[in-house]
Amino acid sequence: MDRRPVGVFDSGVGGLTVFKELEASLPHESLLYLGDTARVPYGIRSPETVVRYSIEAAHFFRSHDVKMVVVACNTASSVALADLEREAGVPVLGVIEPGARQAAARTRTGKIGVIGTRATIRSSAYTRAIHAANPDLDVLAQPCPLFVPLAEEGWTDNRVARETAETYLRPLLEAGIDTLVLGCTHYPLLKKVIGDVAGDGVDLVDSAEAVSAEVRKVLTTTKILLASRDDAVPRHRFYVTDGPEPFHDAAKRFLGRSLDHLELAEIAGE
Ligand code: DGL
């Protein structure tokens, strides 16, 4: 039994989609969330910059004594996972591999679409991870940067969201994908519109769901899982690097509830 919290890292508020899945699948674990709201978005930045920010986040988690770190941010998972692993000093799990493995297992036609931020798509991290699972699969990748502001604005099911999805997904659908990886923290909020536009023949893979199953596995195999203890009451804490109020408002949209413990984080380099 290890009562230390599980760290959850994101560039901002979007990682709450992963937080939500972790909370549901590991109801006795305490979670410590860090959203780097002062420097969001990561998805438009160079790999070097995302690595630098991620290393600072790793040091924050080290100083808060977490037992593992889940990298909810697809962009940071794509370009900075090895650096995070090296600096955090505890097991670190990103969202790319769990999502990629699930997509590779589910496709029937062998054609998989991947959508994400520009930085995630440019890194080809999903393509590499899917090919590691099965080198014969075709991967078609498409950056969808406008989905992030749409999700944060709460425009998840209106005409603008629909037309944006139609424009972004058209080339993937024309190429005949049967599986689509939602490779960004924000995209699960647009699942309905993306699913409508993609149609019934396309299976959506939610990396947030895929990673929470893997977290349970890591906690079990390293024997630091607390989930079997019915008396363990979780205590979640949320840290942001800027403006707790806007984060709190957005969090209500992402989680459907208010946050109890939210404070400003001190991270090196700020
Ligand atoms: N969290 C980022 C991701 O999943 C999206 C927002 C950003 O660009 O920072 O890639």
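We count ligands from 1, going down the list as the structure has it; atoms in each ligand are counted the same way. In this text the structure is predicted, and so the values were computed from the model without any measurement. The figures here come from the full heavy-atom set of this structure, side chains too, leaving out hydrogens, waters and symmetry mates.
With a heavy-atom cut-off of 4.0 Å, Ile44 does not touch ligand 1 at all.
For ligand 1, the polar-atom distance check finds an N/O of Asn74 within less than 3.5 Å of one of the ligand's N/O atoms. Of the N or O atoms in Val40, none lie within a sub-3.5 Å distance of an N or O in ligand 1.
Between Asp196 and Arg162 there is a salt bridge, since a side-chain N of the basic residue sits under 4.0 Å from a carboxylate O of the acidic one. Glu245 and Lys252 are not joined by a salt bridge, as no carboxylate oxygen comes within less than 4.0 angstrom of a charged side-chain nitrogen. With respect to Asp203 and Arg108, no salt bridge is recorded, no charged nitrogen being found less than 4.0 Å from a carboxylate O.
Which parts of ligand 1 touch Gly43 is read off a 4.0 Å heavy-atom cut-off, strictly below it: atoms 7 (C), 8 (O), 9 (O). Residue-ligand proximity, Thr117 to ligand 1, at heavy-atom distances under 4.0 Å covers atoms 5 (C), 8 (O), 10 (O). Contact atoms of ligand 1 toward Asp10: 1 (N) (distance under 4.0 Å to a heavy atom of the residue). Under a 4.0 Å criterion applied to the non-hydrogen atoms of Tyr42, ligand 1 contributes the atoms 7 (C), 8 (O), 9 (O).
Smallest separation of non-hydrogen atoms from His59 and Glu87: NE2-OE1, 2.7 Å.
Residue contact check for ligand 1: Gly116 places no non-hydrogen atom closer than 4.0 Å to it.
Under the 4.5 Å side-chain criterion, counting only non-hydrogen atoms from C-beta, Val139 is in contact with Val114. Counting only heavy atoms from C-beta outward, the side chains of Arg45 and Val50 approach each other to under 4.5 Å.
Taking each of Ser11, Cys184, Ser207 in turn, the one with a heavy atom nearest to atom 9 (O) of ligand 1 proves to be Ser11.
In this structure, atom 10 (O) of ligand 1 lies nearest to the protein heavy atom Thr75 OG1, 2.6 Å.
No more than 12 heavy atoms of other residues, nucleotides or ligands shown are found within 6.0 angstrom of CD on Glu97.
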